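Quick notes on the structure that follows.
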Amino acid sequence: MFGSLHTRSHYSFLSGASSPDELALQAATLGHGMLCLTDVNGVYGAVRHQRACRAVGLRPLIGCEVVVDGMPLVLIARNMTGYGRIGQMLTMAHRDRERPHLQLDVLQMGAQDVAVLTGGHDGRAWQLAAAGKERDLRAWLERLHDVVPGQVHIELVHQQRPRDSAVATILVRMGHAMGLPCVIGGDVRYATRDAYATYDAAICIREGITIFDHHAARPVNDEQCLRSEATMRKLLPYDEAFAMTSQLGHSCSFDIIPDHITPPSARLPEGTQPTDVLRSLVETAFARRYAHDTLRRDQARRQVEHELRVIGDLGLADFFLVVKEVVDEAQRRGIRHSGRGSAANSIVAYLLGITGVCPLRHHLLFERFLHRGRKGTPDIDVDFDSERREEIIAWMEERFGMEQTAMTATIITYRARMAVRDAAKTLGWPMDTVHAMSKSIPGYTNKAITEYRGNIERITGEAPIVSTLLDIVEKIEGRPRHLGLHSGGMILSHRPLWQLTPVQVSANGVHVVQFDKDDVEAMGLVKFDVLGLRMLACIAEAVELIQRREGIDVDIDELPLDDDNVFAMMREGRTLGVFQIESQGQMHLLAQHQPECFDDLVTEVALFRPGPLQGGMVHPYIRRRRGAEPVTYMHPDLEPILRDTLGIILFQEQVLEIAHRFAGMPLDDADDFRSLVSKQRDRQAMAAMKDRFIDGAMQRGVDRPSAEQVYEKVSHFVGYGFCRSHAAAFAKIVYQSAWLKRYHPACYMAAFMQHRPGFYNLMTLEEEARRCGVPVEMPDIAVSGLRYDVERDAEGVLRIRKPLTSIAHCSVDVMRSVVWERSQRPFTSVEDVWLRTSLPSDVMESMALSGAMDALAGSSRRALWEVGVIRRRLERYRRDPALFDRPIVMEEDVPVMPPLRAQERLAYDYRTHGAARLHPMTLYRRAMTDLEVRTIATCMRMGALAEDIRDGRRRNDTGVDIIVAGIVILRQSPPTAKGVLFVTLEDETGFVQCVVQPRERQQFAEALRHAALIVKGRLHAVNKWRGLLVRDVRILTNVIGGYHGHPAMYGGTDQMELSVTAASENALQSLTKPDSIFVS
Amino acid sequence: MRVILEPIAVDVDDGRPVALRWRHASFRVLHVVDTWTWRGRWWQGDSRRRYYLLDCAEGSLEVFTDGSTWTLSRLMD
């Protein structure tokens, strides 16, 4: 048997160029019998490697390459124990984050279970042999042998480099002399010969050089690929080495993908069983929740019994108890939490307090979450208050032990944009061109990079080197680049994790395993997603503020979910700041859908997703709901499944139920079907599923045409559709946030501004607060705290007070001293502030400009002047302490200072605390009116008027053209919208969504990138929603506060226009002539 | 060894050089000391070169071929 014992995949992070699949395939093609994966400092690719090898009939070996005493050695696991030892050793090696390495003695840990190879060209053995230092070579090999007797194998490499044959001869001779076996190593860096270019590009990127630079690490030829046994025998004619290679391969045997899971252990009282403890907890909760619910009690009891049976059969009682422990701890500490995802389908999860929705109430399906056929552990994901998530994680580490907890790895792979960036850098373009080039590629795309050639050539010009660029990008796209920082998945295990995977520490101090979430599941490890949701932090803070400032205790979790005032607010689209339904698209959908009850909310949340949108489900659903279309079912069997969604497939659970009940598939197959349909990646598998589906349906008596029709509908449920339980769990949070906004807008908006869970900018949030009747007060050094707060004015009206920390340069640490000093006694002047707090001058200037010290100095300009004076004079005073007896600022010194003009106030506000006390568009209102440009509020009034004129038939197009102007606060071009651009314009009276069709988008491409626009369009109306179908666009120059740039996922917030000179009075000079606006 | 980089005529037997002629000098190969390959600038379409370090009676030569032409890269006489 022959194969490569020393092979790197692209999981060596820019030090290897091929995937484990590519390597296995090539090895099999060459007729190898085995393949050993030895990535640098890790086993990241182990699961994929094992699967790939098994798929092509190769024997998989696992090991790693690690620096020992300064130079790399290869370690290969002989068995599961050896694999665990390697895990332990790599964990130790990674204690040095920058340069993982081991001391030689540590290898003793491997004992008889880890074989050691002396390494390739960069190994000590080869280097000493090449240098002719045979005595040193012998001494070192003896040392190595002392540490790991019986495990040392001298690695022979030949890669057609100068002296390779000669060095091999020396090593063979030494092997004979010392009685150490030789093996054929390979030192493979990529699978096939032509991948050498990918490898070279990767090295250049890694080293930060261009391909035109020389570097010792760059490959000199293309021989570091897998090669046939025949080729190797010609280069290294040493039969014994080949025999030894085969022997070593045969002696390594184990399966890293276990057939059992390694769950964490729950804390149980003496002598109890997990299933008993689980039952008793469930019974207690059941009595509380359902004992008096005559409607649902019997059904709930049946469901509970069913679930407990399944949980018991799958041995998951421990797991549920562990999750309950975590959730209970959060409860004890007052940390808000909410179970999400498919777990909300379970009544046991609901009774244990893991999730917050009753599955019976929302017709949820337990089988979507868990069923007997399911392999591996279910996904339980819980959102926590984002501000306090770290606390929970720290508690979990303590409770389960540092060795038994770690996060799943996130392996960042090259996406088009990043690949273009690195490739352009490595081809020698200057950094600002590199930035422009990468920005011209969208962040998310499924298209081949060659389709963006035009984008790139617009920046670089046409040149042959662009072909090289695209070539490199194609080579590296999709390959691992580095270990990412962010991960939600926390692994909990009852035995030390290094037995299954090395553990390393990421850049932000988090313990991470070397497998991503899919491989972690394959390894039988149990993970629990601990996610931070800013909305939870927002709700927690709002409830607290209401308690403190209004004296009311709101039991937010036990609110009845049926207040029509809340739904009325949603129907009107006044949902800015409400969880999940605040986007412009959602506002439009709400106007069409008109939700009236909680179930409608669950549907609303699920409707606006790529799945239903691309599947063409949304409009039919709305039409049926409005009675514009009859409710029909493609087949009578579908009625019970689709009844509450009016015959339309909206949820993942419905796909699963259809596969199970309509097509007769057993549950685990139905679950696979559901998963396959959502991901839509494997065309072959889909084709196979199609036949099964149709056959299964026909066996149940369904006719072929109907079966095919239903299959077509179901298989179009592409992309990500929500599962109903997730929508229900989220819908509860939506309702809570909407309720808070409706009844306690001051406290809610203050909490919202503190945590910023949405994507609107601060100015828009402040305007929304004002529209809700809540004034927003600027930061004031006499009154403001460190967080957004609520206060009552003289008339008892609640208003929001912006904190000192909202001012630029004023961090919490710095402002703490201000608040502390103020609590001793109030500040009397700017000088007083400075002397008592010693704040740095940039902080003082920022505070002055923001207006926070207006009360002390009389005006912002005066405050700024005083700051300047104090700074200069303080220097003098320090040298001459006698001067300190006099005040630094003296009234006679104050020059005549004109008050701040409106434009200046506006600009300084934006610069210092992100939002202005006056909307930028107010400065231009008079000029706008002269030009017949309307306020955005006019749109709201006009649409209503137009509807009255209508003859009773509801039509969106009002037939009215209108011209409005405003700053751009959002710019979106979602992939589901087929080239349409959505631009949201805002003025001092509100905001409106402008819809730009592809033709107009191209026509006005340049103008649409600007931060402020005048737009002429046809007004469309749906109930209270208004939209403008854009006909003509003009740029409004010199207005600040809007965003200019490209559309992005969440709004195109590339750059906010903020320059002070921009806020000039001369802005509208070019527009004073009416005919310069639009030629009708 | 000094760098030359000029074309050289080579007689080959079974792929390996046995005799060479450069300018007005002739060389007879005594034995091939070493051989290796070099890949070059893949982005410019450089072809692979095979190098030979040759021990001749008249001196040591380093030559390479891209499969069709031979070049004398270095010489020590």
Side-chain angles (χ1 to χ4, degrees), chain A residues 17 121 130 157-170 189-190 192-204 210-215 218-225 227 231 234-235 423-424 426-429 463-476, chain B residues 1-8 10 12-20 22 27-77:
Chain A
H121 284 109
V157 280
H158 198 304
Q159 290 174 344
Q160 309 263 27
R161 285 159 57 144
R163 311 206 53 230
D164 273 357
S165 297
V167 173
T169 313
I170 297 173
R189 307 285 169 97
Y190 41 89
T192 52
R193 202 174 275 284
D194 46 308
Y196 121 97
T198 314
Y199 178 64
D200 192 24
I203 298 285
C204 291
T210 70
I211 57 176
F212 312 108
D213 301 321
H214 289 290
H215 196 284
R218 291 183 72 179
V220 294
N221 60 21
D222 50 3
E223 300 288 337
Q224 284 168 304
C225 54
R227 286 162 293 169
T231 308
K234 259 202 287 248
L235 294 171
T426 236
L427 284 174
W429 268 291
I465 199 160
V466 174
S467 299
T468 312
L469 173 81
L470 296 177
D471 188 34
I472 296 179
V473 169
E474 267 173 341
K475 286 176 175 14
I476 61 178
Chain B
M1 291 186 90
R2 35 184 195 114
V3 178
I4 309 288
L5 290 173
E6 284 178 19
I8 185 170
V10 178
V12 192
D13 174 27
D14 195 21
R16 296 159 139 256
V18 288
L20 313 98
W22 170 66
F27 301 87
R28 196 166 49 89
V29 178
L30 294 175
H31 83 277
V32 179
V33 176
D34 201 357
T35 175
W36 63 94
T37 63
W38 181 85
R39 199 54 183 83
R41 297 163 298 187
W42 47 270
W43 59 93
Q44 267 181 247
D46 280 359
S47 42
R48 184 190 295 112
R49 292 180 190 169
R50 175 161 283 282
Y51 280 74
Y52 292 92
L53 182 58
L54 303 166
D55 230 1
C56 304
E58 304 81 352
S60 291
L61 282 81
E62 184 189 279
V63 301
F64 65 81
T65 175
D66 60 5
S68 47
T69 60
W70 287 85
T71 309
L72 172 62
S73 72
R74 299 196 297 170
L75 170 67
M76 181 157 75
D77 46 14

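Note that the coordinates shown come from a computational prediction; the quantities given were computed from them, not determined experimentally. Chain naming here is simple, since letters A, B, ... match the order of the sequence lines and numbering starts at 1 in each.
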| message | With salt bridge (Lys or Arg N to Asp or Glu O under 4.0 Å) as the criterion, how do B:Arg48 and A:Asp222 come out once you've worked through the C-alpha distance, each side chain's angles and the decisive distance to 0.1 Å? | response | CA-CA 9 Å; B:Arg48 184 190 295 112; A:Asp222 50 3; 2.7 Å; yes

| message | If I take atom CD from residue A:Gln160 and atom OG1 from residue B:Thr35, how far apart are they, to the nearest 0.5 angstrom? | response | 6.5 Å

| said: Contact between B:Trp36 and A:Asp164 at the side-chain level, heavy atoms closer than 4.5 Å - yes or no? | reply: no

| Does atom CZ of A:Arg218 have more than 12 heavy-atom neighbours, drawn from other residues, nucleotides or ligands, at distances under 6.0 Å? | yes

| message | I need the B:Arg41 CZ to A:Thr468 OG1 distance, nearest 0.5 Å. | response | 12.5 Å

| request: Find the one option among B:Trp43, B:Trp38, B:Tyr51 whose heavy-atom pairs under 4.5 Å with chain A are most numerous. | output: B:Trp43

| said: Is the shortest side-chain heavy-atom distance between B:Arg39 and A:Val220 below 4.5 Å? | reply: no

| said: For A:Ile472, which atoms come within 4.5 Å of any heavy atom of chain B: side chain, backbone, both, or neither? | reply: side chain

| Does B:Asp34 use its side chain to pair, donor to acceptor, with the backbone of A:Arg163 at less than 3.5 Å? | yes

